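Everything below concerns the one structure shown next.
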Amino acid sequence: MPETSEKKRKRKRGDVGGRMDSEEDGDQKKKKKESQRPNYFVSIPITNTQMKSLVKEVQEAVLQKEPRLAKAMIPVPTLHITLLVTHLASEEQVELAAAVLAQAAPSVAELLGGRDLVLPFSGIRHFRKEVVFVGLDSGEHRHTLDSLAELVRRRFEEQGLLQGDNRDFEPHLTIMKLSRASKLRFQGIKRVEPGLYSDYTNKFFGNQTVERLDLCSMLKKKQQDGYYHTETSLQLGGRRRSEPDEAELLRVSRRLVEDAVSRALQQYKQETLQNGGGPNAAALQSPGSAEETKTDTTANSSTDNRK
Ligand code: C5P
């Protein structure tokens, strides 16, 4: 019997055939969907320690009232703002995404115009009472952030790297979400009631300078610092790479002090030798740990105490 045109149309749409066919189609679709699940995202990390402490405080306050929400809490070292989520299907795609991010650097720099992008966060809001987040205040920074997200998304899209659900960019700093704890549903917890965090609804959480954009894996093991596995980072502002960090400043200042003490010691030795002796110059020690001090005093030349 020749196929009717209706049947042809159905076959094209894939809705002919028996139950088995549609079940197989369903399975295939499910598999395809799963294999395209987001596994990477571009993140702005939260590095402001004061903000992190405040988030921890809110989480603890909520847990006091509802301990069953423990698993819904976002671990503080992972706090971030998502610019985009996507599915990268291979190592090549991950490398391409890393390159896309790096290549966006001049456009990002132009967008920022040499200024830091500082994001002030206040209050607590939610999506469908399932995702609870600290909100971003309105203001000029919001436009810059929107443009930044748009720029990065466009670059990913141009390279065919933007897969899946990319809804309108709505910056949020997630602090708890029910999807982290699927069991909660069975325990009857389907929502996080705003009353649980009402003390913080209008609280100012602090300013976060956008220091870098990270290409992060959702699935790979987290880093030692507790943050997501990061494939690459685009450094933007805040503390720039060329600027020394706190530890480096400490090292440099210690070295300066040690050099100064060393010079003073040398001068003192010379003077006491010229004056025919005096107190044991070696008893004068430079500051530092016991071990360093030991090393310093055994060193023959006291002009340089560095190890
Ligand atoms: O990206 P982040 O981990 O902060 O996302 C938190 C959750 O919020 C995600 O599960 C995302 O699907 C959800 N979300 C939402 N509505 C939005 C943006 C994100 O429900 N407009």
Side-chain angles (χ1 to χ4, degrees), residues 38 41-83 85 116-139 141-142 145 167 169-214 216-230 233 238-239 245-247:
F41 64 108
V42 175
S43 152
I44 296 171
I46 298 300
T47 56
N48 177 339
T49 45
Q50 222 177 329
M51 265 174 77
K52 288 180 172 191
S53 310
L54 263 173
V55 167
K56 188 86 201 147
E57 191 184 308
V58 182
Q59 292 179 333
E60 277 165 5
V62 169
L63 288 178
Q64 286 279 321
K65 296 180 188 167
E66 180 48 277
R68 288 180 298 173
L69 284 174
K71 282 223 168 106
M73 300 300 164
I74 305 292
V76 167
T78 69
L79 290 174
H80 66 275
I81 300 143
T82 304
L83 282 196
V85 295
D116 278 343
L117 176 52
V118 180
L119 306 175
F121 284 90
S122 315
I124 301 194
R125 301 174 216 162
H126 60 83
F127 297 130
R128 304 170 303 281
K129 296 188 184 173
E130 290 175 1
V131 177
V132 179
F133 59 93
V134 180
L136 178 64
D137 292 351
S138 51
H141 55 270
R142 177 65 208 260
L145 182 63
R167 43 189 132 201
F169 179 58
E170 198 170 340
H172 57 278
L173 167 51
T174 306
I175 61 171
M176 50 189 114
K177 57 180 178 185
L178 292 182
S179 60
R180 283 178 57 83
S182 50
K183 278 189 191 151
L184 289 179
R185 264 192 178 274
F186 302 112
Q187 294 176 359
I189 303 185
K190 293 182 184 145
R191 281 172 204 85
V192 180
E193 289 307 331
L196 292 172
Y197 49 80
S198 53
D199 290 348
Y200 297 88
T201 317
N202 297 312
K203 178 118 190 136
F204 177 63
F205 278 74
N207 290 315
Q208 175 64 56
T209 300
V210 182
E211 293 176 358
R212 46 176 225 265
L213 307 184
D214 297 326
C216 294
S217 165
M218 291 183 187
L219 304 176
K220 289 187 183 169
K221 192 170 178 284
K222 300 245 171 33
Q223 295 174 174
Q224 283 240 309
D225 60 2
Y227 183 63
Y228 294 97
H229 175 92
T230 304
S233 298
R239 181 161 56 74
D245 62 13
E246 231 171 87

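These figures come from a predicted structure and were not determined experimentally. Both backbone and side-chain heavy atoms feed into the values below; hydrogens, waters and symmetry mates do not.
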Side chain to side chain, L213 and I44, heavy atoms closer than 4.5 Å
yes
Give a yes or no on whether Q187 atom CD has more than 12 heavy-atom contacts from other residues, nucleotides or ligands under 6.0 Å away.
yes
Looking at H172 and E170, what are the two nearest heavy atoms and their distance?
ND1-O, 2.6 Å
Mind checking what makes side-chain hydrogen bond (donor to acceptor under 3.5 Å, both in side chains) contact with R125, not counting sequence neighbours?
none
Do V210 and H141 have side chains that approach each other closer than 4.5 Å (heavy atoms only, starting at C-beta)?
no
Is the count of non-hydrogen atoms from other residues, nucleotides or ligands lying under 6.0 Å from K52 atom NZ greater than 12?
yes
Spacing of NZ belonging to K56 relative to CE belonging to M73, to within rounding of 0.5 Å
9.0 Å
Any heavy-atom pair between the side chains of K222 and Y227 that's under 4.5 Å?
no
Is a side-chain donor or acceptor of Q59 paired with a backbone partner of I175 at a separation under 3.5 angstrom?
yes
Please find the pair of heavy atoms, one from G226 and one from T78, that lie closest to each other, and give the distance.
O-CG2, 3.2 Å
Results of salt bridge (charged side-chain N to carboxylate O under 4.0 Å, His left out) for R180 - residues two or more places apart only
none
V132 vs L178, test: side-chain contact (heavy atoms from CB on, under 4.5 Å). Steps then yes/no.
CA-CA 9 Å; V132 179; L178 292 182; over 6 Å; no
Are any non-hydrogen side-chain atoms of E211 and P45 less than 4.5 angstrom apart?
no
I'd like to know whether M218 forms a side-chain contact (heavy atoms from CB on, under 4.5 Å) with V85, so could you lay out the CA-CA distance, the side-chain angles of the two residues, the decisive distance to 0.1 Å, and finally the verdict.
CA-CA 9 Å; M218 291 183 187; V85 295; 3.8 Å; yes
Out of the candidates I81, I46, T209, only one should pair with L119 under the side-chain contact (heavy atoms from CB on, under 4.5 Å) rule; please name it.
I81
Is the backbone N or O of N207 less than 3.5 Å from a side-chain atom of N48, with the two atoms forming a donor-acceptor pair by type?
yes
CG/D116 to CD/Q208 distance, rounded to the nearest 0.5 angstrom?
11.0 Å
Closest non-hydrogen atom pair, S217 against Y228:
O-CD2, 3.6 Å
Can you tell if the side chain of F205 reaches within under 4.5 Å of the side chain of L173, non-hydrogen atoms only?
no
If you count heavy atoms of other groups shown closer than 6.0 angstrom to CD of Q223, is the number above 12?
yes
What is the minimum heavy-atom distance between D137 and S122, and which atoms define it?
OD1-OG, 2.8 Å
Smallest separation among heavy atoms of A61 and Y200, with atom names:
CB-CE1, 4.0 Å
Gap between atom CD of E193 and atom CG of L69 - 0.5 Å precision
10.0 Å
We want to know whether T82 and H80 form a side-chain donor-acceptor pair, criterion being a heavy-atom distance below 3.5 angstrom.
yes
Applying salt bridge (charged side-chain N to carboxylate O under 4.0 Å, His left out), which residue pairs with at least one partner in residues 61-72 are found, sequence neighbours left out?
E66-R68
Does the distance from a Lys or Arg side-chain N to an Asp or Glu carboxylate O, for K177 and E130, drop under 4.0 Å?
no
Evaluation steps, side-chain contact (heavy atoms from CB on, under 4.5 Å), between H126 and V192:
CA-CA 9 Å; H126 60 83; V192 180; over 6 Å; no
Which heavy atom in F169 sits nearest to a heavy atom in R142, and how many Å separate them?
O-NH2, 3.8 Å
Test side-chain contact (heavy atoms from CB on, under 4.5 Å) on K190 and R185; report intermediate values, then the result.
CA-CA 5 Å; K190 293 182 184 145; R185 264 192 178 274; 3.7 Å; yes
